[in-house]
Amino acid sequence: MYAITIREPGDPDVLEWAEVADPRPGPGEVLLDVAASAVNRADLLQRQGHYPPPPGASETLGLECSGTIAELGEGVTGWNVGDEVCALLSGGGYAEKAVVPAGQLLPVPGEIDLLTAAALPEVACTVWANVVMHAKLREGETFLVHGGAGGIGTHAIQVGKALGATVAVTAGSAERLERCRQLGADITINYKEDDFVEVLHKETGGADVILDNMGASYLKRNVDALAADGRLVVIGMQGGVKGELNVGTLLGKRASVFAAGLRFRPLDQKAAIVADVRERLWPLVSEGAVKPIVGQVVPMAEAASAHRALEEGSVFGKILLAAK
């Protein structure tokens, strides 16, 4: 098969479409003929040499894909060869074929086509695990989403609205904020012009749940932006890895800070997240309350151009890589 390989750590030009050995499914795994994968910021870090895959995972980039089941490994039940699915991966999505544990498969929901389904698994599992399963966002609460125009952000806006929350977002331009409003955002904040802490306290008294992709650079202000009993969930490090935390502020608000990735979780935890997504989120996707937002589709062999687009911040929603 062909897959994207990394010649050496570096800029997008190190990505090459090359022939590699076909993967084989082990016990409890399935082999997919890949229709599409999607680009995530973790892929950029891995390409640069900063985010190696977990032990035993594929060295190939790609944390999600869609495709058709080509082969079942020993012991797999509940799926059949020919089923159209999308999948959460620890790696391997930028390829014509991928192996995935059966517990990380999801059926393609509703009327969504197979290609577009590749935009769902990583954002769906990330948002649902952190915002719903952990932070327990509830109807009537205020939910702040940083990076509202990205893949995670566009999904989180819709999930928040579907759950009955007041959704606030940050983004860097009036155009991107307007598109966030069209997805359901109630409060839009241009982080280049306005202080999100001031805006939130003025509009709502603070956020009950914050989904943050920045990390260190936003840590103090995120805690300041929380309402009483607020929950800050950190899922990214775009703003650095070391920040100062005022424990006194946390104590005064009875607030909590939680940080969690998805890729390095044990298989049983990933399977539990996928199962909850299938039971509680997939009906919202099937009925159209939560939709995949695709900003660009690029041939998989041209993954380098997709990486450049994500780095430039020029795409609203997800960038897909079509395998065929």
Side-chain angles (χ1 to χ4, degrees), residues 39-41 44 119 123 126-127 130-131 135 137 140-227 230-241 243-244 246 249 253 255 257 259 290-296 307-319:
V39 182
N40 291 280
R41 289 203 172 271
L44 310 187
V123 295
T126 297
V127 171
N130 288 291
V131 175
L137 180 67
E141 291 192 317
T142 297
F143 176 36
L144 171 60
V145 180
H146 288 300
I152 292 285
T154 53
H155 185 82
I157 291 168
Q158 298 178 82
V159 170
K161 290 307 295 181
L163 296 176
T166 296
V167 178
V169 300
T170 61
S173 73
E175 177 188 1
R176 291 166 84 77
L177 289 170
E178 174 56 32
R179 296 186 71 177
C180 289
R181 276 191 287 270
Q182 293 170 6
L183 288 178
D186 303 287
I187 301 166
T188 54
I189 305 164
N190 188 328
Y191 66 81
K192 296 178 181 179
E193 300 175 357
D194 298 307
D195 183 341
F196 68 82
V197 180
E198 292 181 3
V199 173
L200 273 177
H201 280 292
K202 178 182 177 182
E203 295 285 340
T204 70
D208 299 290
V209 176
I210 299 176
L211 184 63
D212 175 58
N213 59 354
M214 294 301 295
S217 64
Y218 272 26
L219 182 59
K220 179 185 183 301
R221 287 197 291 157
N222 277 330
V223 172
D224 289 343
L226 287 172
R231 292 87 75 196
L232 167 61
V233 182
V234 181
I235 59 168
M237 302 176 291
Q238 293 180 45
V241 299
E244 188 170 294
N246 188 326
T249 304
K253 294 184 176 186
V257 178
V290 177
K291 300 176 182 178
I293 306 299
V294 177
Q296 190 172 328
H307 276 223
R308 290 190 197 95
L310 186 59
E311 288 175 336
E312 293 165 0
S314 58
V315 178
F316 186 86
K318 297 279 286 190
I319 303 174

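Fair warning: this is a prediction, and the values are worked out from it, not measured in the lab. Numbering starts at 1 and runs along the sequence shown.
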Point-to-point distance, once rounded to the nearest 0.5 Å, from [atom1] of [X] to [atom2] of [Y]:
{"X": "Gln182", "Y": "Thr154", "atom1": "CD", "atom2": "OG1", "value": "13.0 Å"}
{"X": "Asn213", "Y": "Thr170", "atom1": "CG", "atom2": "OG1", "value": "7.0 Å"}
{"X": "Arg41", "Y": "Leu44", "atom1": "CZ", "atom2": "CG", "value": "6.0 Å"}
{"X": "Asp212", "Y": "Asn222", "atom1": "CG", "atom2": "CG", "value": "4.5 Å"}
{"X": "His201", "Y": "Asp195", "atom1": "NE2", "atom2": "CG", "value": "9.5 Å"}

Check whether any side-chain N or O of [X] sits under 3.5 Å from a backbone N or O of [Y] as a donor-acceptor pair, and report yes or no.
{"X": "His155", "Y": "Ala119", "result": "no"}
{"X": "Lys253", "Y": "Val223", "result": "yes"}
{"X": "Arg176", "Y": "Ala171", "result": "no"}
{"X": "Glu141", "Y": "Val209", "result": "no"}
{"X": "Lys220", "Y": "Gly243", "result": "no"}

Which heavy atom of [X] sits nearest to which heavy atom of [Y], and what is that distance?
{"X": "Val145", "Y": "Gly153", "value": "CG1-CA, 3.8 Å"}
{"X": "Leu226", "Y": "Ala255", "value": "CD1-CB, 3.8 Å"}
{"X": "Ile157", "Y": "Leu183", "value": "CG2-O, 3.8 Å"}

In terms of heavy-atom contacts, does [atom1] of [X] have more than 12 from other residues, nucleotides or ligands at under 6.0 Å?
{"X": "Met237", "atom1": "CE", "answer": "no"}
{"X": "Glu311", "atom1": "CD", "answer": "yes"}
{"X": "Lys291", "atom1": "NZ", "answer": "no"}

Exercise for the section: Take Val131 and Val233 through the test side chain to side chain contact (heavy atoms under 4.5 Å, CB included) and record every step on the way to the result. Expected result: CA-CA 8 Å; Val131 175; Val233 182; 5.8 Å; no
Could you tell me if the side chain of [Y] sits less than 4.5 Å from the side chain of [X], heavy atoms only?
{"X": "Leu232", "Y": "Leu219", "result": "yes"}
{"X": "Ile210", "Y": "Arg231", "result": "no"}
{"X": "Val315", "Y": "Leu310", "result": "no"}
{"X": "Glu203", "Y": "Thr166", "result": "no"}
{"X": "Thr204", "Y": "Ile187", "result": "yes"}

Practice task
Sequence neighbours left out, what passes side-chain hydrogen bond (donor to acceptor under 3.5 Å, both in side chains) with Asn40? Give chain and number order.
Solution key: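 Checked Asn40 against side-chain hydrogen bond (donor to acceptor under 3.5 Å, both in side chains); matches are Glu64, Lys318.
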Problem - Test salt bridge (charged side-chain N to carboxylate O under 4.0 Å, His left out) applied to Glu178 - qualifying residues, sequence neighbours left out - result: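 Result, salt bridge (charged side-chain N to carboxylate O under 4.0 Å, His left out) vs Glu178: Arg181.
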Handout entry: His146 and Phe196 aromatic ring geometry - parallel, tilted or perpendicular at 30°/60° bounds
Key =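 Rings of Phe196 and His146: perpendicular, as their planes differ by over 60°.
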Handout entry: Pair His307-Ile319, side chain to side chain contact (heavy atoms under 4.5 Å, CB included): steps then yes or no
Key = CA-CA 9 Å; His307 276 223; Ile319 303 174; over 6 Å; no
